[in-house]
Protein chains: 2
Amino acid sequence: MSFERTLKKSEYDVQAIPLEGIAVARYQAGLRTEARIVDATRSLLAEGGLEAATLKAICEEAGVKAGSFYNLFDSKEEVVIRVVRESIDAVDPDPGGAGTDTVDDLVAAFIRFFVEQPEMAKVYVIAAVNTETSDNGARRRFLRHHLRRVERFADAMMRQDRSLTSDTATMRAEILLGALDGLAFRWTIDSTFEFEKFALEAASRLS
Amino acid sequence: MSFERTLKKSEYDVQAIPLEGIAVARYQAGLRTEARIVDATRSLLAEGGLEAATLKAICEEAGVKAGSFYNLFDSKEEVVIRVVRESIDAVDPDPGGAGTDTVDDLVAAFIRFFVEQPEMAKVYVIAAVNTETSDNGARRRFLRHHLRRVERFADAMMRQDRSLTSDTATMRAEILLGALDGLAFRWTIDSTFEFEKFALEAASRLS
DNA sequence: TCGTAATTTGAGTATACCCTCAACTTTGAG
DNA sequence: CTCAAAGTTGAGGGTATACTCAAATTACGA
């Protein structure tokens with residue numbers, strides 16, 4: 001077992017940024033292929049979830065052979081996580097992190113992610129649950145993402161109510177996010193569940 | 001595609017109960033084997049989750065060959081679901097359904113399931129999420145189980161507060177269960193999360 | 001134009017899984 | 001004791017998966 005790992009092309013910024021002393025020149029062809037693979041993955045995930053996004057399907061959709069895929073990515077998981085993260089970021093009410101978002105904004109963004117991109121949301125849930133035992137790195141990424149979100153919710157709560165201490169705000173944020181996650185999960189089991197209505201009700205009771 | 005399906009031995013009550021006109025006599029050997037398979041599955045699930053409970057592992061642990069397994073069960077899923085269900089029933093505060101359980105009882109039972117049988121709880125979550133697209137029967141089973149639970153929570157809430165209407169009680173029950181599920185999910189990602197503390201806090205805010 | 005290095009190929013490896021089935025052995029009621 | 005039915009065997013079918021690599025091809029800076 002080695003602690004080093006090969007850095008893949010896709011991990012470098014566009015156009016040859018040196019990293020750890022190693023420069024990698026990117027060709028246009030490679031960048032385009034990378035984009036096609038990411039697009040193909042996004043489309044497959046949005047259409048049929050994780051089940052549909054097999055390596056074979058991704059490569060066919062992207063018009064690429066498996067070898068090319070692995071020239072650019074370390075694993076299938078890598079591209080899946082990247083796509084899911086991009087999808088979440090796409091509904092962020094305050095991408096710049098200016099600290100101006102309200103609790104309502106954040107709740108609305110959460111709801112929007114699940115309502116507008118249900119398959120992607122399910123992938124997120126499944127990946128988060130499945131990841132636990134096996135991949136430690138992925139698990140930590142999910143945790144970090146969650147903690148950032150808790151912090152933003154807590155900050156928004158404190159901006160709204162100056163008398164809140166940081167601790168109680170964090171606790172309330174965890175509970176509100178827990179409820180939202182749970183209701184979203186509820187909805188993945190039964191798509192007739194009125195997720196939005198319940199989520200808004202929960203938010204009003206918990207913030 | 002056929003709408004009929006073969007009934008397996010394990011689906012009959014012990015000792016030859018006729019069902020749909022077909023009687024099946026059970027031998028002691030078969031009953032013992034069935035028990036060994038269920039025990040092996042429970043032990044593997046509790047130890048290493050779904051990942052550990054492969055057919056091969058189950059058969060080895062039970063000291064049985066694959067053919068024997070399939071003489072008794074239709075599929076691996078069948079025995080897994082049975083074990084998970086039994087585990088949930090094992091912490092039921094009111095197994096008889098006498099209608100005497102309080103909200104606190106139900107919350108405590110929920111917490112106990114996750115704290116005492118974490119791996120089993122994860123299996124429950126994973127199975128519920130994964131099941132969605134593929135197996136429709138399993139999905140409906142999970143949904144039915146959830147709805148029963150909502151009903152029990154709602155009933156307990158109404159016993160506690162006579163002024164509650166059935167609708168608002170149901171809504172509150174859904175939200176409380178959502179929060180509990182979400183917090184449990186949160187805890188599967190990070191085992192240092194103080195699940196019990198947050199769950200109790202959520203319960204006090206939501207009931 | 002040249003040569004290095006990025007990219008692509010695609011057949012193949014490795015592996016894991018659930019499940020089947022025809023032949024054989026054991027059970028236990030009558 | 002008999003014998004039909006229950007139970008058992010275990011090799012292997014079928015299918016899917018993610019991933020590898022040596023060799024061929026292409027891009028593009030110098």
Side-chain angles (χ1 to χ4, degrees), chain A residues 5-12 14-18 22-37 40-41 44 48-60 62-81 127 130 134-135 138, chain B residues 5-12 14-18 22-37 40-41 44 48-60 62-81 127 130 134-135 138:
Chain A
R5 73 188 192 88
T6 318
L7 284 166
K8 285 285 160 167
K9 309 280 166 61
S10 61
E11 297 186 68
Y12 295 91
V14 172
Q15 304 294 25
I17 303 295
I22 307 156
V24 172
R26 301 296 310 270
Y27 285 0
Q28 290 304 316
L31 294 169
R32 274 195 308 262
T33 301
E34 190 184 320
R36 280 213 314 281
I37 289 172
T41 305
L44 286 164
L50 256 187
E51 236 169 311
T54 63
L55 194 73
K56 191 162 170 282
I58 292 171
C59 289
E60 270 168 15
V64 156
K65 305 298 176 195
S68 244
F69 181 99
Y70 284 97
N71 180 48
L72 295 164
F73 297 93
D74 265 333
S75 66
K76 195 188 84 168
E77 199 194 12
E78 188 182 318
V79 70
V80 167
I81 286 178
N130 281 340
S134 49
D135 189 344
Chain B
R5 73 189 193 85
T6 318
L7 284 167
K8 285 285 159 166
K9 309 280 166 63
S10 61
E11 296 184 70
Y12 296 91
V14 171
Q15 304 295 25
I17 303 295
I22 308 156
V24 171
R26 301 296 311 270
Y27 284 179
Q28 290 304 316
L31 294 169
R32 274 196 308 261
T33 302
E34 190 186 318
R36 280 213 313 282
I37 289 172
T41 306
L44 286 164
L50 257 187
E51 237 169 309
T54 63
L55 194 71
K56 191 162 171 282
I58 292 171
C59 289
E60 270 169 13
V64 156
K65 305 300 174 194
S68 242
F69 181 99
Y70 285 97
N71 180 47
L72 295 164
F73 298 93
D74 265 332
S75 66
K76 195 188 83 167
E77 199 194 13
E78 189 182 317
V79 68
V80 167
I81 287 178
N130 281 340
S134 49
D135 189 343

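These values consider heavy atoms only, across backbone and side chains, with no hydrogens, waters or symmetry-generated copies. Predicted, not measured: the structure shown is a model, and the values here were computed from it. Numbered from 1 within each chain, the chains take letters A, B, ... in sequence-line order.
Rounding to the nearest 0.5 angstrom, the gap separating the CD1 atom in B:Ile58 from the CZ atom in B:Arg36 is 13.5 Å.
Here B:Ser68 lies in heavy-atom contact (under 4.0 Å) with a base. Using a 4.0 Å heavy-atom cutoff across all strands shown, B:Ala66 reaches at least one base atom of the nucleic acid. Here A:Gly30 lies in heavy-atom contact (under 4.0 Å) with sugar-phosphate atoms only.
The shortest distance between the side-chain N/O atoms of B:Thr33 and the OP1/OP2 oxygens of D:dT8 is below 4.0 Å. Of the side-chain N and O atoms in B:Tyr70, none sit less than 4.0 angstrom from OP1 or OP2 of C:dT20. At C:dT8, none of the side-chain N or O atoms of A:Lys65 fall inside 4.0 Å of OP1 or OP2 (strictly under the cut-off). Taking 4.0 angstrom as the limit, B:Arg26 places none of its side-chain polar atoms (N or O) nearer than this to OP1 or OP2 of D:dA5.
Side-chain contact between B:Gln28 and B:Leu31: present, with at least one pair of heavy atoms (C-beta onward) separated by less than 4.5 Å. Counting only heavy atoms from C-beta outward, the side chains of A:Leu55 and A:Tyr70 approach each other to under 4.5 Å.
In this structure, A:Lys56 places its NZ atom 15 Å from C1' of D:dC19, rounding to the nearest Å. Remark: P of D:dA23 and CG of A:Asn71 are 17 Å apart, rounded to the nearest angstrom. If you take CZ of B:Arg36 and C1' of D:dG7, they are 12 Å apart, rounded to a whole angstrom. Residue B:Leu50 contributes atom CG, which lies 10 Å from atom P of C:dC18 at whole-angstrom precision.
The shortest heavy-atom contact between B:Ala66 and B:Cys59 is CA-SG, 3.8 Å.
Between the side chain of B:Tyr27 and the base of D:dA6 there is no donor-acceptor pair of N/O atoms closer than 3.5 Å.
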